[in-house]
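Note sheet for the following structure.
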Amino acid sequence: MKYYDKLIFELSKPGRIGFSLPDCFGLASEQPRCKAAIWREAPLDLPEVSEVDVVRHYTNLSQMNFGVDTGFYPLGSCTMKYNPKINEELANLPGFTGLHPLQPESTVKGALAVYAAMDKALAAITGMKHFTFLPCAGAHGELTGLMLMREYHMSRGDTARTKVIVPDSAHGTNPASAAVCGLDIVVVKSKADGLVDVESLKPLLGPDIAGIMMTNPNTLGLFERDIKEIAKLVHDCGGLLYYDGANMNPLLGMVRPGDMGFDIMHLNLHKTFSTPHGGGGPGSGPVGVSDKVVPFLHIPHVSGFHGNFGIILRAYAYILMLGREHIRMAGKLATLGANYIKESLKDCYKLPIPTVCKHEFVFDGLLEDNGVSTLDVAKRLLDYGFHAPTIYFPLLFHQAIMIEPTETESLETLDAFIAVMRKIAEEAKADPELLHTAPHNTPIGRPDETTAARQPVLKYD
């Protein structure tokens, strides 16, 4: 076992410590101020390690993690784009980081001006009227948007509208958010070309429909060409259109959801506007609305203690850095990269919908699988230093491999990824067992994921 493969408890030696503090005026021997009933009878079982042990252990653990700063991360539907470090520099200026959440509003006018400018910028990019920055994440934004939809109908006495239409290709959060909001989900089928079946949609529309949740391009990376007709049909029946902003990246500067007819939308700032992605937060999922929904936006438009201000700063820096002239290049390059990979690999991976895609696309496993699954391909990619794409999603395809390169990756990176994917396809023919047992070069091999999920070991024994 390598040094850095050990648990911190396995590095522990009795009596070893990483600090030496004086007994400050006897405070160390003071009786605890909490109730005796909740005072621990025995010392907490913590590892006894030196400072250098702790530093090396956690530094090595951090290097075992994979992130967009360390390699290519083609995670479809997640838009894992690189975060420019200039965003971090600007967000860490002392005038911003020195703010205190309890300062009077009169002393934070600069921060509030940033929020106002961000509202204006996002409205211009999306075609919405105004944004609220209350939601702290994309999923939170979805729920907020649906609550606005419900409030809009309730204000008109339209209490019968309790159903939301969701395409069968939608993100899984869409029906989940609707259910949490107390709405019933009605699924509309897709056609063979991956687009919403308008003829199947028509019979679903009626006085009980609150609206429809869509993203465009959809989860297959395809632009819904019938969006104007869909918008008219939903509006004519009294419903609203909700836009899932997860796939906004390829539309930047090209097409606006507001112009398509959407009334409400959320944005994932970590996907489209280059703020940190993952790690549990902080996040931000601004919600934009059209004119008729503006009266139902919550006041104030910023959450408590001025919200996740640092994330807003990063996104605003990204927008200003690109500017009106260059923001559309993000979507163009993301689309170009996705189509380049797709066309380069369609002779060895199944392409169920052979058409031009936007920022992402979906394969349905290997063309000649030889018993090799999508999971095997994903695991083998780790051996070559690439993060796996999204797999087994969307659910429309049994062996789905969903690839999204984003605009920040170079031609050399895309070519290297393509070469590895082709090599894996060759390995699947020559030695399937090599893929069944992958990965081989990572600190952890292939664990029993089912047992790990259902019977997790969460503490050291």
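For this chain, numbers begin at 1 and follow the sequence in order. When reading the values below, keep in mind they use all heavy atoms of this one structure, side chains included, and skip hydrogens, waters and symmetry mates.
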So, the side chain of [X] versus the backbone of [Y]: is there a donor-acceptor pair under 3.5 Å, distance only?
X: Asp193; Y: Leu195; answer: yes
X: Ser290; Y: Phe262; answer: no
X: Glu404; Y: Ser77; answer: yes
X: Ser62; Y: Thr59; answer: yes

Atom [atom1] of [X]: over 12 foreign heavy atoms under 6.0 Å:
X: Lys120; atom1: NZ; result: no
X: Lys85; atom1: NZ; result: yes
X: Phe9; atom1: CZ; result: yes
X: Lys191; atom1: NZ; result: yes
X: Met147; atom1: CE; result: no
X: Ile444; atom1: CD1; result: no
X: Lys342; atom1: NZ; result: yes

Checklist line | Inter-residue atom distance His359.NE2 - Thr272.OG1, 0.5 Å rounding | finding: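 His359 atom NE2 to Thr272 atom OG1 measures 8.5 Å (nearest 0.5 Å).
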
Checklist line | Reported OH-to-CG distance for the pair Tyr152 and Leu148, which is rounded to 0.5 angstrom | finding: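 Here the rounded value is 12.5 Å.
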
Decide whether [X] and [Y] meet the rule of one side-chain donor and one side-chain acceptor closer than 3.5 Å.
X: His301; Y: Asp119; result: no
X: Tyr243; Y: Asp263; result: no
X: Asn218; Y: Thr215; result: no
X: Tyr318; Y: Arg314; result: no
X: Asn83; Y: Glu88; result: no
X: Asn174; Y: Asp244; result: yes
X: Asp364; Y: Gln399; result: no
X: Asn308; Y: Ser284; result: no
X: Asn249; Y: Lys81; result: yes

Note to self: Using the ring-ring contact (aromatic ring centres under 6.0 Å, His included) definition, which of the options Phe386, Phe72, Tyr73 pairs with Phe66?
What the structure shows: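 Looking at Phe386, Phe72, Tyr73, the match for Phe66 under the ring-ring contact (aromatic ring centres under 6.0 Å, His included) is Tyr73.
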
Checklist line | Identified ring-ring contact (aromatic ring centres under 6.0 Å, His included) partner of Phe309 from the options Tyr115, Tyr316, Phe133 | finding: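 Going through the options one by one, the only one that passes is Tyr115.
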
